[in-house]
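Structure, as structure tokens:
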Amino acid sequence: MRFYGTELAGGLMLGTAQYPSPESLAEAVRAARADVVTVSLRRESAGGRAGEGFWSLTRDLGVPVLPNTAGCHTVREAVTTAHMAREVFETDWIKLEVIGDSDTLQPDVFGLTEAARILCEEGFRVFPYTTEDLVVAERLLSVGCEVLMPWGAPIGSGKGLNNPFGLRMMRAHFPDVPLVIDAGIGVPSHAARAMEMGYDAVLINTAVAKAGNPVTMARAFRLAVDAGRLARDAVPMEERDMASPSTPVLGKACLV
């Protein structure tokens, strides 16, 4: 699957927040063989040129950077942050977040759609953090988005895929749109399940950064994503309501 013309073959995006040290972040990115790293840009740090060492670290990783508008609650704030991110990171890719609820960090889909429209018109390649709602997805695509990033569960919750039915429906409804599960994944089995559903990538942050050993966990997610994709490509067996013997009984000796 190509994301705005760029092929991301590995299917694993990695966030860069909350790691115990810059060294552990760098090692985790390498262990995960991440296709993309996401970076949150704060207005105050960009304006004062603070955090220059962190920006240099992410560039030195040699992995494409996807800036995001994490923490933005209004359209204006998100659009302003996106403009600063484009200047700092010299990329028109932006992971667009417009948060509507402070407890669940659920996206404000109305503000999200408006911000996406503005940014797409200004030449940004928008990766919108959204819900699994098909109507919202249609609207985001209509304003110019070519990628959708539905949440699995609330950000940082580790609950996995809360609405597998809705996520399967989204995959079936948009077979040719790149889809990324963003938020809520807690363990590698969640990531494998997302890939088995046919999603093109997963975005992981807290589950790796807050693990007892982030590097080992990053490697585990790499294996899980690969396993999930292989399982999907192999065309898994369908579920059955009744047992079906794996050893045939036809021709078996019958004692009477």
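Here, residue 1 is the first one in the sequence, and each next residue gets the next number.
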Roughly how far, to the nearest 0.5 Å, is [atom2] of [Y] from [atom1] of [X]?
{"X": "Ile99", "Y": "Asp101", "atom1": "CD1", "atom2": "CG", "answer": "9.0 Å"}
{"X": "Leu61", "Y": "Leu25", "atom1": "CG", "atom2": "CG", "answer": "6.0 Å"}
{"X": "Arg33", "Y": "Leu14", "atom1": "CZ", "atom2": "CG", "answer": "13.0 Å"}
{"X": "Phe127", "Y": "Met149", "atom1": "CZ", "atom2": "CE", "answer": "7.0 Å"}
{"X": "Met169", "Y": "Leu134", "atom1": "CE", "atom2": "CG", "answer": "5.5 Å"}
{"X": "Thr91", "Y": "Arg125", "atom1": "OG1", "atom2": "CZ", "answer": "9.0 Å"}

Side-chain donor or acceptor of [X] paired with backbone N/O of [Y] under 3.5 Å:
{"X": "Thr16", "Y": "Thr38", "answer": "yes"}
{"X": "Thr69", "Y": "Cys72", "answer": "no"}
{"X": "Ser24", "Y": "Ser21", "answer": "yes"}
{"X": "Arg232", "Y": "Tyr199", "answer": "yes"}
{"X": "Ser157", "Y": "Pro154", "answer": "yes"}

What heavy-atom pair brings [X] and [Y] nearest, and what distance separates the two atoms?
{"X": "Thr206", "Y": "Gly156", "result": "OG1-CA, 3.9 Å"}
{"X": "Ala211", "Y": "Ala207", "result": "CB-O, 3.6 Å"}
{"X": "Val98", "Y": "Ala115", "result": "CG2-CB, 4.2 Å"}
{"X": "Leu141", "Y": "Cys145", "result": "CD2-O, 3.2 Å"}
{"X": "Val143", "Y": "Ala116", "result": "CG2-CB, 4.1 Å"}
{"X": "Leu161", "Y": "Ala194", "result": "CD1-N, 3.9 Å"}

Is there a side-chain contact between [X] and [Y], using heavy atoms and a 4.5 Å cut-off?
{"X": "Asp35", "Y": "Val63", "answer": "no"}
{"X": "Asn68", "Y": "Val39", "answer": "no"}
{"X": "Cys120", "Y": "Val126", "answer": "yes"}
{"X": "Tyr19", "Y": "Asn205", "answer": "yes"}
{"X": "Val147", "Y": "Val177", "answer": "no"}
{"X": "Thr81", "Y": "Val79", "answer": "no"}
{"X": "Asn163", "Y": "Phe165", "answer": "yes"}
{"X": "Pro188", "Y": "Leu223", "answer": "no"}

| How would you list, by chain and number, every residue that makes a side-chain hydrogen bond (donor to acceptor under 3.5 Å, both in side chains) with Glu122, sequence neighbours excluded? |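 For Glu122 the side-chain hydrogen bond (donor to acceptor under 3.5 Å, both in side chains) partners, ignoring immediate neighbours, are His83.
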
### Query
His73: what forms a side-chain hydrogen bond (donor to acceptor under 3.5 Å, both in side chains) with it, not counting sequence neighbours?
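Scan of His73 (side-chain hydrogen bond (donor to acceptor under 3.5 Å, both in side chains), adjacent residues dropped) gives none.
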
Open item on the list: Once side chain to side chain donor-acceptor pair (under 3.5 Å) is applied, what residue pairs with a partner in residues 135-153 remain, sequence neighbours excluded?
Closed with: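 Pairs touching residues 135-153 that pass the test: Glu132-Trp151, Glu138-His173.
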
Pairs where residues 174-192 contributes a residue and the test side chain to side chain donor-acceptor pair (under 3.5 Å) is met, not counting sequence neighbours:
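Side chain to side chain donor-acceptor pair (under 3.5 Å) check on residues 174-192 returns Lys95-Asp182.
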
**Request:** May I ask you to say whether Glu90 pairs ionically with Arg86, meaning some side-chain N is under 4.0 Å from a carboxylate O?
**Result:**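 Result for this pair is no, no salt bridge flagged.
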
Discussion item. Please determine whether a side-chain nitrogen of the Lys or Arg among Arg229 and Asp233 lies less than 4.0 Å from a carboxylate oxygen of the Asp or Glu.
Written reply: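 Salt bridge between Arg229 and Asp233, a charged N being under 4.0 Å from a carboxylate O: no.
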
Stepwise side chain to side chain contact (heavy atoms under 4.5 Å, CB included) test for Val208 and Phe221: CA-CA 8 Å; Val208 172; Phe221 270 105; 3.7 Å; yes

Among the clusters formed by ILVMFWY side chains lying less than 4.5 Å apart, do [X] and [Y] turn up in the same one?
{"X": "Val75", "Y": "Val109", "answer": "yes"}
{"X": "Val65", "Y": "Phe124", "answer": "yes"}
{"X": "Trp93", "Y": "Ile118", "answer": "yes"}
{"X": "Met195", "Y": "Met197", "answer": "yes"}
{"X": "Leu66", "Y": "Ile94", "answer": "yes"}

Please walk me through it: do Leu140 and Thr130 pass side chain to side chain contact (heavy atoms under 4.5 Å, CB included)? CA-CA 9 Å; Leu140 288 167; Thr130 183; 3.8 Å; yes

Practice problem: Can you sort out the partners of Glu27 under salt bridge (Lys or Arg N to Asp or Glu O under 4.0 Å), two or more places apart, ordered by chain and number? | Solution: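 Checked Glu27 against salt bridge (Lys or Arg N to Asp or Glu O under 4.0 Å); zero matches.
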
*Would you mind telling me which of Ile204, Leu203, Ile181 makes a side chain to side chain contact (heavy atoms under 4.5 Å, CB included) with Met13?*
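Answer to the side chain to side chain contact (heavy atoms under 4.5 Å, CB included) test with Met13 among Ile204, Leu203, Ile181: Leu203.
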
Item to complete: Assess whether side chain to side chain contact (heavy atoms under 4.5 Å, CB included) is satisfied between Leu12 and Arg222, documenting all intermediate values.
Response: CA-CA 7 Å; Leu12 181 54; Arg222 171 75 273 159; 3.7 Å; yes

Salt bridge (charged side-chain N to carboxylate O under 4.0 Å, His left out) contacts touching residues 195-218 (sequence neighbours left out)
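Non-adjacent pairs meeting salt bridge (charged side-chain N to carboxylate O under 4.0 Å, His left out): Arg171-Asp200, Arg193-Glu196.
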
* Asked: Going through the checks in order, is the side chain to side chain contact (heavy atoms under 4.5 Å, CB included) test met by Val180 and Phe3?
  -> CA-CA 10 Å; Val180 182; Phe3 295 73; 3.5 Å; yes

- Message: Atom OH of residue position Tyr4 - does it have more than 12 heavy atoms of other residues, nucleotides or ligands inside 6.0 Å?
- Response: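 Atom OH in Tyr4 is packed in, count exceeds 12.
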
